[in-house]
Amino acid sequence: MRDRVEPVELTPFQTLLRNSARELFERHCPGSRVRELIASDEAHDPELWRRFAQEGWLGLLLPEACDGQGGGVTDLTVLMEELGRAAVPGSFGATVCSASLWQELGGDRSELNRVAAGESRLAIAWHEAVPGWEPEAVRLSLDDHASRLSGVKTLVSGVPGADRLLCFVRERGELAVVSLPVSRQGVRIEKTPSIDLTRPMGQVRFENVAVKPHEILGRGPLVETAWQRLERLGTLVTCADLVGVMRRLVEESLSYARRRRQFGRPIGDFQLVQQLCADMLSRTETARSVVFRAAQAWDATVPAGEELFSVAKIWCSDAGREVGEKSIQLHGGVGVTWDCDLHLYLRRAKAGELQFGDADFHRERLAAQLLDD
Amino acid sequence: MDWGLTEEETQLRNRFLRWLAANLPSRPLPEEGRDGIGYWQALRQWQRRLFEGGWAGLSWPVRYGGQGASERAEAMIFGELAAQNVPERIGVIGESLVGPTLIAEGSEEQRRFFLPRILDGSHLWCQGFTEPEAGSDLQSLTTRAERRGDGYVVEGRKIWTSYAAVADWCLLLAKTPGGEADRRSVSCFLVDMKSPGIAVRPIRRITGDRRFGELTFSGVAVPAHRVLGKPGEGWRIAMRALEHERIKLGLALYERFHATLTELIAKVKAARDSGETRALSRGYRSKIAQAYAELQVFRAHVWRVLSSRAEAPASDFQSALLKLFWSEMNQRLVQTALAVLGDRAQLETYDNGIWIHRYLRARGDTIEAGTSEIMRGLIARRALKLGADMGNDARSC
């Protein structure tokens, strides 16, 4: 079924990308390896990361001058789908998005070279005690001299493990981004166990941390625009990951429906089971179409595409969770056991649902665009 | 619809929009559900005008009077048409279902006779597939075409036939059992609706109109050269025709539903501006956003399927998936509309009853051309390879 549902509009480069990613993960990141990795704090695989760098994936979006590939977001979504499909642990998505923010704000090019080479991992700190996906939720402030930072950032994806943090803060009331190495004195990082075992998150405490002037990457409207773009990029990355998660769940469910016998025949013979599977496939295939479309809109910078990001997130958020839940239902008792991999995917789907705003958040945002003028 | 159109497609669209601006009927065409002779006449004239403008049979080969455009381009033009809130093309069954099937399977004589008449609107078609005892289980149809002399004689009944009252020709499925041949042998016929022995009884739908019909065939003679394709291949031909149609109409459906949602949003804004707050409450806002999101997902998916068809035939489950998706989506959309508009929407006098009509009409969406249950079964069998031992695919279309 895998090959029957491929879209044929992939470019030759995207086909190559998908095939090498799939092959790499099948060989180096099977379920057993995922299990080993999630037992560690960072869920990070240095060998896999080296391969990411070799393949040029860490710099996929970066310009060639930064050792990147100058690829498009459509290319990235093809890759993210494979990461989701294999539930690849670690902070690939977080690092790629962070690098993009870094570049957008004109940060030091040598850092991007290090990211592309796999020598530096980045993370973005958005949330605080009261989490929110709007800039208004950012309260953490630099001191009056813009040289010291004290406070807490929560739900930071990619820590522990990241080498550098890009942190949204306030500078004299304005939205700003500071970049800090995690090794800086006064930065305390603590893992906060969360639902997604494959992509750990942490809390970062800043205790009177010194911030150098060049570490403030930008402020004001520049950063507000960057926030918006980053949020959309993150939305697409998350949605593509969800599509991959859904595809794996559909594949697993089908295989189980054919294999598992009750009442003397495969449960896939029962129409109610077939219905469950057909709905899962329908959700997955349509999710794939809308994510692909939104990514193409981004690459062509089609102005009409603005609301398409909310559309994609609404659809993928609900679909990912629903497909995850249905696949567990289909697997019966075995589906609710720890040793069955399904929950790793359901957990990833649930985290993806929330990341960059859940369906209700985006429905309200979309409603504002449609109705409030 | 500005997504990745080719240069040619863009030019075609612009040419069409210019033509449309100059040729849209000055008086709005009557809405579906508003019965009467005027409705059919107006639609026939509209079909004729499309033909004269060169906008019929876009994807048909040039030698059969078409324009040789891609299916995607044709779907796009259907979409633009629907976006103008212009009622359906009355020749839709001929143009989208019978024509392409004739081009693929018909004899040269059939093509030369029928195709030009489909295009200019002089032949309207209906489809004689479903029977009183053969709905979802279409393969159990009992209408028979017995070989007699150099032709066939048809006996049987067909039901839920759209355009029954106005059609000139009927694409008919009937059993053609021959001596030693398979009892399941089914053939496809092109039947003149003026043939002696055909009776049409209108059936009233829940919307109140009489757009459905029941056809009775009593000793209807059909000449042998009016068999479409080879005798015994009717099943394959009919299923292919249906799938073809399901996909190509996707963009037109999108535009139709989009027009409905746009209308709803305009009403909500107008209500807000006149001081009503009800429709702006959070629950309704959320429903409207959800309806919009679903529409855009549908559009993205149709576009993907159409784009892949340009290069390679899409897997056949895609047509079932599309049908399942849009029919259930439209039911949710009209439900949202009625909820948002509130109690007054139940009045026949409110917007001339169009919202009630849309709600009731949408009930048929998940039934006609394959129920949602059958579509899910199809997806499970074809795409997912589940339950293959439940029988022939063909049984459930």
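Here is how names work: the chains are called A, B, and so on, in the same order as the sequence lines, proteins then strands, and each is numbered from 1. The figures that follow rest on heavy atoms only: side chains count, while hydrogens, waters and symmetry mates do not.
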Whatever's closer than 4.5 Å to a heavy atom in chain B on A/Ala368 counts as both
d(B/Tyr292 OH, A/Arg363 CZ) to nearest 0.5 Å is 15.5 Å
Between A/Ala257 and B/Leu386, the two heavy atoms sitting closest are CB-CD2, 3.8 Å
Scanning both residues in full, the closest heavy-atom pair of A/Leu281 with B/Ala383 reads CD2-CB, 3.6 Å
CZ of A/Arg293 to CZ of B/Arg304, rounded to nearest 0.5 Å, is 10.0 Å
Crowded around A/Gln329 CD? As in, over 12 foreign heavy atoms under 6.0 Å?
no
Taken to the nearest 0.5 Å, the spacing of B/Glu294 CD from A/Thr286 OG1 works out to 9.5 Å
Can you tell me if B/Glu8 has over 12 outside heavy atoms packed within less than 6.0 Å of its CD?
no
Closest heavy-atom pair, A/Val311 versus B/Ala293, reported as atoms and distance to 0.1 Å, is CG1-O, 3.6 Å
Note: B/Ser286 and A/Asp360 closest approach over all heavy atoms is OG-OD1, 4.4 Å
In this structure, CG of A/Leu254 is separated from NZ of B/Lys385 (nearest 0.5 Å) by 11.5 Å
Hey, is CZ on B/Arg240 packed in by over 12 heavy atoms from elsewhere, all under 6.0 Å? no
(message) For B/Glu133, is the CD atom crowded, meaning more than 12 foreign heavy atoms sit under 6.0 Å from it?
(response) no
Residue from A/Leu370, A/Leu366, A/Ile314, A/Val290 scoring the most non-hydrogen pairs under 4.5 Å with chain B is A/Leu370
Turns out that what part of B/Val297 lies under 4.5 Å from chain A's heavy atoms comes down to both
Between A/Asp373 and B/Arg272 the two heavy atoms that sit nearest each other are O-NH2, 3.3 Å
*B/Arg285 side chain to A/Leu371 main-chain N or O, any donor-acceptor pair under 3.5 Å?*
no
For A/Phe25, does the CZ atom sit with more than 12 other heavy atoms under 6.0 Å from it, leaving out its own atoms?
yes
For A/Ala278 and B/Arg376 the tightest heavy-atom approach is CB-O, 3.6 Å
Rounding to 0.5 Å, atoms CG (A/Asp372) and NZ (B/Lys269) come to a distance of 8.5 Å
Taken to the nearest 0.5 Å, the spacing of A/Asp279 CG from B/Leu324 CG works out to 6.5 Å
Self-check item: B/Lys287 atom NZ, over 12 foreign heavy atoms within 6.0 Å
Solution: no
One pair to check against side-chain contact (heavy atoms from CB on, under 4.5 Å): B/Glu373 and A/Gln271. What are the steps and the verdict? CA-CA 9 Å; B/Glu373 291 68 31; A/Gln271 292 189 334; over 6 Å; no
